[in-house]
Novice: 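First, the structure itself, so that you have it in front of you.
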Amino acid sequence: MDYSILDYSILIAQILLILSFILVSIRLIIGPTLSDRILCLDLLVTLGIGFIAVFAIKTKQYAYIDVAIALGLIGFLATVAFARYVLWQGQNQLKLDEAHRANSRDDKT
Amino acid sequence: MLLAVLSGFILAMFAPSLKHFFGYRAGWLLAILPAAIFVYFLSQYDQVMANKAIFEYHPWIPSIGINLTFYLDGISLLFALLISGIGTFIMIYAGGYLKGHVHLGRFYAFMLMFMASMLGVVLSSNLMALFVFWELTSVTSFLLIGFDHLRKAARRAALQALIVTGFGGLAMLAGFVILSASTGTFEMVDLLQYGNAIKDMDLYFVVLILILLGAFTKSAQFPFHFWLPNAMEAPTPVSAYLHSATMVKAGIYLMMRMYPILGDTVEWSIILGAFGGFTLLAGVFIAIRQTDLKLMLAYTTMASLGLLTMLLGAGGEGAIEGAVLYLLAHSLFKGGLFMVAGTIYHEAGTLDITKLGGLWAKMPITFVAAMLAALSMGGILPLVGFVAKESLYHALISGDPLALILLVVAIIGNAFMFAIGFAVALKPMLGKIGDTPKAAQEGSIMLWLGPLTLGLCGLAAGFGITYLGQSIIHNAISSIGNANAGTNLHLWAGFNTPLMLSLLTMALGAIIYMLFDRMRNFADAVLNWIGWGPDKGFDQFMAGLLYLSQIVTNRLQTGQLRSYLRSTFILLALVIWLPMIAYDAFPTIDFGALTIPTFSEAGILTVAVIGLYAILVARSRLTSIVSLGVVGFAVAMLFMLFGAPDLSYTQFMVETLSVVILALVMTRLHLDKADQKTGLEAVVATVVAVAVGSGLTLLLLKVMETQLDMKLSDFFIKFSATLAHGHNIVNVILVDFRALDTLGEISVVMTTGVVILALINLRPKGQNKAKNKPENASENAPKNAPKTLEESGQ
Amino acid sequence: MRIFTLHIVLSLAWAAIAGNFSLLNLAVGFVFGFLAIWLVREQLGAPLYFRKSRKIIALTLLFIYELVLSTIKVAILVIKPKLDFAPGIIAFPLTAKSDIEITLLANLITLTPGTLSVDVSDDKKTLYVHAIDATDPEAMIADIANGFEKKVMEVFD
Amino acid sequence: MIFEIIISILIVVGTLFCFIGALGVLRFQDVYVRMHAASKAGTLGAGLLLIAVAVAAAELGLITRSIAGVIFLVLTTPVSTHLLARASVIAGVKTCKQTIINKIDGKYTEDGKILYSQDQA
Amino acid sequence: MVDPTILSQAMKTTPTLLADWNIIMPMLIPLVFAAGSLMLRGKDKWQMPMAIVAVLLSLFGAANLFLDILYLGPQSLTLSGWLAPYGISFTADALSALFVLVASLVTLLILMYSPADVDKAAIKSGYYTLVLMLLVGVNGSFLTGDIFNLYVWFEVMLISSFGLLILGGEKIQLDGAVKYAFLNLLGTTFFLIATGLLYGITGTLNFAHLFTQVANSEAEGTLAILSLMFLFAFAIKAAAFPMYFWLPAAYHTPRVAVSAIFAGLLTKVGVYALIRIFTVVFPEGNGAAFEIFGILGGLTVIVGGIGAIAQTELRRMLAYLLMSGVGILMIGISIHTDLALAATVQYAVHSMLVMTGLYLLSGVIGRMAGSFEIAKIGGIVMQNHYVAIAFFGLALAVSGLPPFSGLWPKYMMVQAAFMNDNYWLIAAILIGSFLTIAAVGRASIQMIWRGGDVDTPDGQYEARGQRLGAKQLRVMMLPIAIIFMLSFALGIMPESLIRQANLAAYDILNIAPYVKSTLGG
Amino acid sequence: MEFYLAILVGLIFAASTYMLLSRSVIRLVLGVALLGNAVNLLIFTVGRVTRHIPPIIPLDLQGELTGIANPLPQALILTAIVIGFAIFSFILVLAYRAYESLGTDNSDEMRVAEPKKTELTKLTY
Amino acid sequence: MNTVIFRTIAPALTALMVLFSLFVLLRGHNEPGGGFIGGLIAASAMALYGISSGVQAVRRALYFHPITMAGFGVLLAAASGIPSYINQVPFLSGIWWKLPLGNGQYFDLSTPMIFDIGVWFVVVGAITAIMLTLEEAD
Ligand code: NA
Ligand code: NA
């Protein structure tokens with residue numbers, strides 16, 4: 001079976017994307033702040049869009065593209081929601097610190 | 001007969017209104033019913049005499065073979081007559097005794113229900129029908145003992161009676177079930193045909209014990225006797241009727257009935273002899289210690305029941321004859337004595353024998369009634385009690401060593417009863433006038449009519465014993481013993497051994513009577529030295545039950561969600577692993593034949609695993625949530641890799657919305673810092689988690705080894721476009737092939753909306769959410785964030 | 001905006017006439033609609049519409065160019081073994097006034113070389129920008145002001 | 001064939017950008033710098049891959065949808081990046097030690113609700 | 001258009017008449033009305049009448065269905081017109097029809113009681129909607145002939161019960177709800193897992209089809225594990241030992257009408273599911289399932305009885321009694337003879353009615369005494385002797401004493417156990433009964449008879465709590481009186497119910513008509 | 001490939017179980033979310049996985065359609081996902097309200113419905 | 001989140017999402033999508049709008065209470081089974097109508113489509129209700 005340029009590039013693409021996933025996941029574990037992790041999730045979604053695109057080209061199942069488009073539109077919502085949490089934490093820092101002196105280290109740096 | 005039984009229940013419903021209209025005089029009216037029933041049974045007398053038995057069948061629950069089959073033979077007739085006859089006088093007596101009581105109507109209702117149930121017990125041939133009526137007597141007895149319910153003692157006594165007789169009843173039920181299931185019939189009449197077959201059954205002994213448990217608890221045999229004296233908390237008419245004349249005899253009735261079916265075996269004789277004998281001795285011994293008239297009577301009742309049981313244990317025609325006679329005598333004299341005691345209490349205000357005296361002049365009729373009863377109880381000529389005693393001595397003399405022991409016991413017991421009977425009847429009546437709370441005077445006719453009539457009946461029965469012996473007593477005995485017994489009973493049988501023994505008894509009794517106070521002190525000392533009795537035992541049992549219950553419950557129901565979840569998961573692991581081991585249902589994994597995942601598949605799997613790891617190790621909950629997003633992402637990607645775009649799509653959307661809601665909620669929580677498990681907890685959790693996870697993996701792999709039948713999916717693929725006009729098969733399944741699932745599912749979603757709205761909006765008073773929300777709530781949310789632990793003052 | 005609405009209506013009308021609401025048909029309708037509006041541009045005051053369209057295209061091209069450039073710069077930074085840069089948050093004084101302008105500008109800044117919009121001050125006078133290389137803030141501010149900001153304001157003037 | 005080459009180039013370049021974004025996120029010192037990598041490289045990479053689909057499918061519906069996808073990405077990414085950066089600043093996520101200038105420092109009120117411009121106190 | 005021969009391979013071609021719709025009505029009517037009640041959100045006055053109408057109509061539908069089945073045997077309708085097993089079938093036999101009937105009746109009674117117990121805030125928050133949805137879930141579960149669809153109805157039931165549980169938002173409710181929610185959620189999830197795996201072996205979801213597929217399957221070991229997983233999952237639902245934790249943790253926390261509806265309906269659906277799965281899917285019990293049923297059932301009876309004795313809170317005591325009753329039902333399934341199953345069905349009907357009645361009554365008593373703590377309740381008979389009579393009657397019923405409905409199924413169960421040589425089960429049933437008698441007896445004397453709370457001096461009566469208004473009392477007592485009369489009637493004239501139960505048992509044991517009604521042929 | 005999916009299913013189940021054995025109700029909620037993922041993946045695997053080809057019939061299909069993914073489990077999972085999401089939302093909000101009302105997210109301290117008894121009840125009549 | 005950038009762009013994105021959700025809803029029968037997914041997207045749109053512009057803005061925009069929409073959805077879905085009654089086929093059977101649009105074209109209306117629209121309403125309504133209530137909870 002011969003492989004075309006396209007096949008090779010798809011292979012390279014998939015390898016790179018998977019490596020990217022893993023790199024991002026590593027950062028997700030390392031953190032160190034919640035913002036870092038949220039960023040990782042956000043990037044993961046963007047990478048996912050790319051992955052779906054490559055996959056659709058590879059399999060010629062273009063139905064999958066709809067998923068990628070929806071992700072492009074909706075995916076950022078999770079980041080927005082998380083950002084809101086971080087913001088809330090920042091805005092309530094004093095209150096939080098007062099309430100639990102011991103606790104604030106937990107969810108942020 | 002059906003009407004005879006049911007009429008009591010029906011009239012019971014109207015008793016309160018009758019009382020409402022006629023006051024205490026309703027007693028006279030209500031007495032008409034038992035009187036009519038008495039007359040009815042009397043009218044059946046000839047037929048019973050002629051045909052041995054009347055059988056009446058009413059279908060009830062034919063599909064399980066339970067019917068109202070009434071069976072009127074000698075013994076039931078005797079009991080029915082006693083129940084209705086004494087019942088008549090009790091109704092009248094109660095009117096006098098409880099005159100002015102607010103709940104007299106209720107009392108009548110209970111009494112009538114009891115009477116009806118009791119008639120049901122003695123008339124039923126069907127074991128289950130008998131059981132039903134039997135339990136009804138327990139229930140009504142509970143209500144009657146607790147009639148004076150504001151008193152703790154009454155409540156306790158009622159509960160005690162319920163628990164003890166309830167226990168016996170359940171045992172008896174088991175016995176009946178075994179008996180009927182083994183023989184295929186519920187009908188006593190049929191059981192009688194089995195002869196010795198039942199006694200040869202493997203389960204004979206079990207059946208015997210179970211049925212005897214029912215009889216013993218009901219008839220207050222040691223060690224189940226304690227509820228009976230406590231039942232004296234009930235108003236006296238109850239004591240007289242239920243706890244001496246009738247209900248406690250239900251056990252005796254049952255043993256008499258069972259005698260031909262289960263009786264006359266070694267087990268039977270030993271058990272009944274031993275328990276009956278011991279109950280007799282214990283009864284009289286405790287009775288003598290009492291100073292309360294009713295309690296003395298109660299313990300002698302127990303003793304008499306012991307005597308009856310003992311006689312049934314001894315078996316043989318003579319003993320049965322003695323038992324039947326004694327039963328008749330006892331019902332008459334004990335019912336009378338109780339009513340006398342009640343009258344004394346009603347008039348004098350106390351039952352303390354040490355305080356009573358010299359009432360005979362004030363209450364002459366009552367005195368006569370008391371004397372008649374006491375003479376009968378003492379077994380003195382010419383009352384029926386005498387005949388009974390003669391008869392039982394006669395029966396016991398002739399027997400084997402066991403019978404001789406029983407004879408001695410009987411003599412001692414009778415001697416005591418002689419003494420106590422006179423003590424009860426004479427002490428309050430004779431001597432000097434005691435210092436009583438109320439100045440006594442003769443009670444109304446309602447109070448003395450009953451005891452006097454019963455006393456006179458005892459007298460009449462004594463004189464008419466020869467006639468009775470040839471008629472009703474004969475019939476009663478023959479329906480138990482199947483013989484010609486009782487035909488030659490005479491009030492005066494000449495000077496024979498029983499008479500000698502009677503004289504001996506009386507002599508002993510007289511001595512005891514004279515030494516009464518000393519005997520009482522002795523009994524007191526002995527019982528105090530023992531210091532424990534089943535009555536105390538009951539409290540200990542209840543407290544123990546309560547204790548055990550709390551220990552068990554607290555152990556199982558810890559109140560901690562974590563322990564519940566732990567148990568649940570451990571069970572899940574067991575549910576998977578145990579049968580897998582038992583059936584050797586492990587999957588066979590051929591590692592060589594595994595398809596190698598593509599690079600993308602492997603990569604996504606890796607991402608999922610990293611996500612899982614991140615969730616588990618995360619110190620903060622928010623990090624876990626973000627990592628959860630990663631796992632969800634990976635799962636969505638897997639769906640996509642394996643041809644499920646709709647799933648992937650939905651998974652992404654749901655994941656996003658979950659995160660939105662999670663973050664929304666998290667902004668309202670001020671959480672404690674890291675909540676990692678302690679070392680041991682972590683180990684346990686890990687072990688359980690690994691067991692659950694690996695078990696499910698193995699199970700899943702095992703399932704995958706089978707060939708999947710694709711019939712359903714093939715159908716969907718085939719008809720999706722052609723008949724359902726849709727090309728996205730998954731969607732067609734959702735909105736057409738399996739639209740009902742979807743309908744249910746949107747119902748869930750809709751309901752969840754309602755529920756969450758309720759959950760957030762609905763707060764207990766004082767916690768209502770703030771009104772007038774500002775425009776941009778998102779910025780304001782933190783301002784109103786929930787109070788923290790410290791702020792709320794916890 | 002009014003004309004854009006008309007444009008959409010025309011596309012829909014096309015689809016209705018054709019009896020086919022497929023995407024393709026709508027796109028065809030859009031193109032034809034464009035032509036139709038162009039025909040009557042005088043009456044509608046549409047020249048502006050077309051001029052703006054041109055400017056939007058110009059801005060888009062600039063954006064794409066900058067996006068590619070910025071990515072390459074990041075790529076170089078990423079690949080360089082040594083992470084030696086001097087990031088910082090600088091304050092960009094806004095000339096743009098309307099919300100839409102500010103928004104567009106901020107987003108463009110985020111997507112282009114070495115800069116990332118952090119926040120706009122409440123009086124809308126300052127845009128705080130995080131820069132990977134903050135060694136010369138003045139030059140960067142000038143760059144943005146003459147580049148994106150100018151083009152953005154042209155679109156909306 | 002020419003299409004295939006174009007697609008291949010788009011794919012390889014796109015994924016390279018994606019990879020660079022990921023690498024940047026892993027390597028860079030603080031969250032703000034990492035955001036640069038994520039927002040730019042990610043958007044461009046994924047965008048190119050979507051365009052590759054448009055080319056590969058060569059079907060109008062898919063082309064328009066792919067382009068819509070790119071537009072969505074371009075519209076949303078800066079917004080989420082901005083919100084996260086802002087939140088991080090307010091939450092006090094520290095900049096790395098190489099940071100040479102921080103004009104926003106002290107410009108937020110203590111509760112993080114008002115941001116002053118440069119010329120305000 | 002479409003070739004009729006192809007059509008007949010896929011779809012039902014005979015016309016579906018109104019009578020065929022009977023089978024979905026008990027589910028569909030409350031669903032439509034529940035959705036409608038949301039449309040009328042804010043019109044609180046409409047909620048109660050709508051709910052009553054909905055339940056009356058469902059009851060009517062259920063009665064129609066019941067009669068149909070009585071005369072025609074099991075009925076089936078495959079929804080969306082596809083042939084079984086491809087579409088989802090609703091299949092009803094005597095068992096389901098009887099349960100649907102009783103469930104609808106119980107719901108009606110609770111709705112009658114509700115005005116006295118449910119405040120405006122709860123109505124605003126959708127009390128009636130949730131009750132209707134619960135009935136949807138319950139009736140759906142009883143009627144469906146498809147295992148995945150059963151899961152869906154379980155979820156409908158679950159979420160509605162969550163909602164009802166937290167109406168009020170009090171601390172105790174939230175705490176109870178947390179435990180209830182997690183444990184029940186696990187139960188449902190395990191059910192889903194088992195369903196998925198079962199599909200993996202058999203390739204089907206339709207009960208009737210599963211019957212044939214499982215019978216032909218060779219994966220015995222796997223099926224045995226699955227049967228236990230189903231047992232486990234439904235045992236959680238049914239609150240059997242040792243998976244019952246959620247029940248005593250939660251059933252005393254919501255308002256009384258809600259406890260009553262839970263007591264009447266929820267655990268019984270678990271039992272129904274057990275019966276269904278273990279007659280249609282695993283008729284042989286596959287593996288040790290029936291033995292385990294027996295062990296769990298026996299222990300449930302005893303642990304329930306023991307637990308009831310210790311409880312100081314009336315409603316918690318009832319929770320344990322409820323649980324004990326579930327044990328009896330499990331024993332019935334374990335023995336699995338016609339007698340035992342008839343007893344099970346009968347006991348289930350009895351328990352649905354009586355436990356509902358007891359919970360409703362606990363509301364009256366709690367209101368009268370101002371507390372649910374048994375130690376603080378007293379003098380009920382002095383306040384109102386109808387309440388006392390009702391309590392005694394229902395206490396007798398739950399103890400299995402005559403003249404109420406509990407006796408016969410218990411007796412039949414003992415008989416069945418004996419005939420199956422399960423002596424220890426007889427012991428368990430009797431010990432359980434004994435403990436129940438002790439528990440309710442003790443509660444009765446303290447609450448009904450004692451003059452006041454536990455410190456009231458001997459012989460005195462001290463009224464506590466609030467006097468209920470005559471009207472309110474009438475509203476509350478009417479459904480209780482109906483239950484009392486029903487239980488009494490079933491106690492003294494059990495023949496008709498026993499016949500139905502026998503019929504149901506016959507349908508359970510003779511699955512062929514059920515299968516035939518679904519799959520045809 | 002099913003082998004690896006089965007392993008992953010097991011791992012997610014294990015992680016979910018581990019989370020569900022925590023004290024913090026929020027962690028329990030996350031455990032529930034994981035559990036949902038595990039179950040969905042389990043049903044997916046059990047329906048036998050096929051690479052790439054989604055169960056969508058091409059509009060221009062000629063002849064038989066083969067090799068497509070099994071659509072039924074997908075439909076079931078879709079239903080399960082949505083139900084799972086609904087229940088998850090409920091549980092989450094419940095946890096929040098419980099925290100708000102009871103002042104803790106530690107399930108060990110949630111003892112209002114089943115208060116800790118210090119002494120045993122005495123026998124009374 | 002009251003930043004100029006977000007506030008300005010969010011309404012546009014919301015509109016885009018709603019449009020997209022309808023697109024996904026209507027083509028679900030033949031391509032990936034359908035009532036659920038469409039509903040989830042629309043619910044996301046509402047969430048975005050709520051986060052950026054506040055709960056009241058969403059409530060005003062929807063006019064009906066979202067939970068009423070959910071109820072309507074269930075009613076619609078259930079009602080889509082009613083034509084089956086008239087056609088004497090079992091509940092929820094698919095029935096197709098071709099609505100003439102003139103010039104020989106037809107619009108395909110079917111009960112499964114109505115059903116799916118019901119699903120869309122339920123998902124949008126319930127999830128929006130949940131999020132809005134959560135958002136404005138004290
Ligand atoms: Na930039
Ligand atoms: Na993004």
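Quick caveat, the model's predicted, so the values are computed rather than measured.
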Novice: Check ring pair (Phe, Tyr, Trp, His ring centres under 6.0 Å) between A:F55 and all other residues, then give those that pass, not counting sequence neighbours.
Specialist: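 With neighbours one apart ignored, the set is A:Y64, F:H52.
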Novice: Taking all heavy atoms of A:C40 and all of D:V25, pick out the closest pair and write down the distance.
Specialist: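 In terms of heavy atoms, the two residues are closest at SG-CG1, 4.0 Å.
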Novice: Would you name the heavy atoms of A:T46 and D:A46 that are closest together and state the gap between them?
Specialist: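 That closest heavy-atom pairing would be O-CB, 3.6 Å.
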Novice: Check each atom of A:A13 against the heavy atoms of chain D and say whether the ones under 4.5 Å are side chain, backbone, both or neither.
Specialist: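 Both backbone and side chain.
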Novice: Can you measure from CG (A:L39) to OG1 (D:T81) and round to the nearest 0.5 angstrom?
Specialist: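 Those atoms lie 7.5 Å apart.
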Novice: Looking only at atom types and distance, does a side-chain atom of D:T76 sit under 3.5 Å from a main-chain N or O of A:G72, one as donor and one as acceptor?
Specialist: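 A pair under 3.5 Å: yes.
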Novice: Give me the atom names and distance for the closest heavy-atom approach of D:C18 to A:L47.
Specialist: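 Result for this residue pair: CB-CD2, 3.4 Å.
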Novice: Do A:S35 and D:S88 have a side chain donor and acceptor closer than 3.5 Å?
Specialist: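 On atom types as modelled, these side chains qualify, holding a pair under 3.5 Å.
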Novice: How long is the straight-line distance from CD1 of A:I18 back to CZ of D:F19, given to the nearest 0.5 Å?
Specialist: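 D:F19 CZ to A:I18 CD1: 12.5 Å, rounded to 0.5 Å.
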Novice: Checking heavy atoms, do the side chain of D:L10, its backbone, both or neither come under 4.5 Å from chain A?
Specialist: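 D:L10 has no heavy atom closer than 4.5 Å to chain A.
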Novice: Minimum heavy-atom separation for D:I11 and A:S9, please, with both atom names.
Specialist: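 In this case the closest contact between D:I11 and A:S9 is CG2-O, 3.8 Å.
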Novice: What pair of heavy atoms forms the shortest contact from D:S66 to A:I65, and how long is it?
Specialist: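 Nearest heavy atoms, D:S66 then A:I65: OG-CG2, 4.3 Å.
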Novice: Can you say whether D:F28 sits under 4.5 Å from chain A via the side chain, the backbone, both, or neither, judging by heavy atoms?
Specialist: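 The backbone, not the side chain.
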Novice: Tell me, side chain or backbone of A:I69 under 4.5 Å from chain D's heavy atoms, or both, or neither?
Specialist: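 Both parts, backbone and side chain.
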Novice: What pair of heavy atoms forms the shortest contact from A:S4 to D:E4, and how long is it?
Specialist: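 Looking at all heavy atoms of both residues, the closest pair is CB-OE2, 3.3 Å.
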